[in-house]
Amino acid sequence: MDMDAPEILVAGGGIGGLAAALALSRQGARVELIEQAAAFAEVGAGIQIGPNVTRILRDWGLESDLCRVASFPHGLLARDARSGRELGHLPLGERAERLYGAPYACIHRADLHRLLLQAVQQRGVLMHLNQRLAQVQQGEGGALVRTEQGLERRPALLVGADGLWSRSRQALGLNEPPRFSGHLAYRGLVPLAQPLAEPQVTVWMGPRLHIVQYPVQTGRAMNVVAIVHGELPANPQDWDHAAHAAHLFQALGPISRPLQQVLEAVPNWRLWALSDRPPLRSAAQMGQRAVALLGDAAHPMRPYLAQGAGMAIEDAQVLAQCWAGPGSVAERVQRYADMRWPRNAQVQARAIRNGRIFHAHGPVSWGRNLAMGVLGAKVMDVPWLYRGIG
Ligand SMILES: Cc1cc2nc3c(=O)[nH]c(=O)nc-3n(C[C@H](O)[C@H](O)[C@H](O)COP(=O)(O)OP(=O)(O)OC[C@H]3O[C@@H](n4cnc5c(N)ncnc54)[C@H](O)[C@@H]3O)c2cc1C
């Protein structure tokens, strides 16, 4: 092996790529990372991270950093978007700690990205900005990787963490583009004068729509995401559009006064067209020989279980564990793919199902409301997910 070559090259410096670089370098691997952007700058707004994910961040020594930037909701409240009626409640806070051994957190994506970036930098991972992966060839001794800017590397392992429109996938013979879900996400942040006394995640559900709100930045801002059905915008790869509140209110139709007040408080809206891929069907879609896919590159999902970044972080943890284990590179990649694809497929499928439940109307919505009111936590909790990967 060429000793100047990195043992592992990570393509993509989003949350998944940084998590992979951190987890693998913590196992002693020599890691390099390429990112197409000219600077590390995470866009977007808030994300929720369940106990399955905060446990891993704790494992990586990031718990105190997380506490400095995240919010920790006491519960999840479901409400009817039209009437404002409370439909069901799932306690989080102390209950999540007790049942799942780690907290439920809400964090701004930029904060999580910064926290991972600092940890990766501290480990001395070599990072190349402005390098766009162009081509990957699987060979005997690893992968031959070229960027559009002319960088060439022959790592033993390429980790494809290059997101929804991944090029790394082509090295596994996967050439299908992602599919538009028919859903649009409007996102915004409302500054808060002081943290809420009872921070919580609120999900407002209505026919063909739902809205999620929760505090981020230790309660200094409220993240608001409104999902409606709509047409694919002109350029879906340019996923961050300025948006008009009037278009959102038109798509929502009649909504309750309290919800309207939440939405009217948002100073600026950004618009995302939500795309995903069908749930994974085999290990071969997650890794083969010298290429392992991770995060949205492998399994982009609808955000209705709030686990896209979470699954990327779980992928990173498992990949690092497999890398530290015995066997050839191909065997270790196979073990990773075998371990990850069923869980990722299950989360993708559950996210699609959640969308149908949240957006239901007529008798299905009556059944949903009844179940949440009577059974509460029993139907709203997701133990198989939050227990994590051990
Ligand atoms: C509305 C919405 C709400 C969400 N809410 C949640 C939530 O509550 N909880 C949660 O866990 N997840 C949530 N997600 C999902 C989550 O944001 C994503 O799953 C996660 O960010 C994926 O991370 P990634 O690193 O795999 O991909 P990305 O974040 O897309 O990162 C890919 C990186 O690779 C780089 N790249 C791309 N192509 C190349 C190339 N050819 N060469 C080099 N670099 C390249 C990109 O510039 C980027 O930096 C939400 C998503 C949306 C849209």
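First listed ligand is number 1; within each ligand, the first listed atom is number 1. Atoms considered below: every heavy atom in the structure, side chains included; atoms not considered: hydrogens, waters and symmetry mates.
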Should the ring pair H359 and H210 be called parallel, tilted or perpendicular, given that the plane angle runs from 0 to 90° and is split at 30 and 60?
-> tilted

Purely on distance, is any nitrogen or oxygen of P303 under 3.5 Å from one on ligand 1?
-> no

List every atom of ligand 1 that sits less than 4.0 Å from any heavy atom of G16, numbering the atoms from 1 in the order shown and giving each element.
-> 24 (P), 25 (O)

Please say whether R187 places an N or O atom under 3.5 Å from an N or O atom belonging to ligand 1.
-> no

Here the atoms of ligand 1 under 4.0 Å from any heavy atom belonging to G295 are 26 (O)

Tell me, please: is Q131 in heavy-atom contact with ligand 1, that is, under 4.0 Å?
-> yes

Proximal atoms of ligand 1 relative to I15 (non-hydrogen, under 4.0 Å) | 25 (O)

Could an N or O of ligand 1 be found under 3.5 Å from any N or O of G308, whether backbone or side chain?
-> yes

Parallel, tilted or perpendicular, as decided by the 30° and 60° cut-offs, for the rings of Y104 and Y386 = perpendicular

Would H128 and E32 count as having a side-chain donor-acceptor pair, cut-off 3.5 Å?
-> yes

Short N-O contact, E94 and R98, less than 4.0 angstrom | yes

Any N or O of I47 closer than 3.5 Å to N or O of ligand 1 = no

Tell me yes or no: between the side chains of D276 and S181, is some donor less than 3.5 Å from an acceptor?
-> no

CE (M339) and CD (E314) are apart, to the nearest 0.5 Å, by 10.5 Å

Closest to atom 30 (O) of ligand 1 (judged by heavy-atom distance), picking from G163, G160, A312 = G163

So does R79 pair up with E86, basic N to acidic O under 4.0 Å?
-> no

Separation between CG (L385) and CE (M311), nearest 0.5 Å, reads 5.0 Å

A student checking ligand 1 against R109 at a 4.0 Å heavy-atom cut-off should list atoms 16 (C), 17 (O), 21 (O), 29 (O)

Are M301 and ligand 1 in contact, using a heavy-atom cut-off of under 4.0 Å?
-> no

N/O of L274 under 3.5 Å from N/O of ligand 1, yes or no?
-> no

For Q334 and D338, test the side chains for any donor-to-acceptor distance below 3.5 angstrom and give the result as yes or no.
-> yes

Short N/O distance, under 3.5 Å, between R167 and ligand 1?
-> no

Min heavy-atom dist A161 to ligand 1 below 4.0 Å | yes

Would you check the N or O atoms of R132, main chain and side chain alike, for any that come under 3.5 Å of an N or O of ligand 1?
-> no

May I ask you to check whether W341 and Q346 show a side-chain donor-acceptor distance below 3.5 Å?
-> no

For ligand 1, indicate whether the residue Q307 contacts it via side chain, backbone, both or neither (heavy-atom separation under 4.0 Å).
-> backbone

Can you sort out which atoms of ligand 1 are near G310, meaning under 4.0 Å from one of its heavy atoms?
-> 11 (O)

NZ/NE/NH1/NH2 to OD/OE distance under 4.0 Å, E63 and R68 | no

Which pairs of donor and acceptor atoms, one on a side chain in residues 12-27, lie under 3.5 Å apart (sequence neighbours left out)?
| unit_1 | atom_1 | unit_2 | atom_2 | d |
| --- | --- | --- | --- | --- |
| S25 | OG | A21 | O | 2.8 |
| S25 | OG | L22 | O | 3.1 |
| S25 | OG | R123 | NE | 3.3 |
| R26 | NH2 | D59 | O | 3.1 |

For atom 20 (C) of ligand 1, which candidate among S275, A134, A309 holds the nearest heavy atom?
-> A309

Within the structure, does A306 bring an N/O atom to less than 3.5 angstrom of an N/O atom in ligand 1?
-> yes

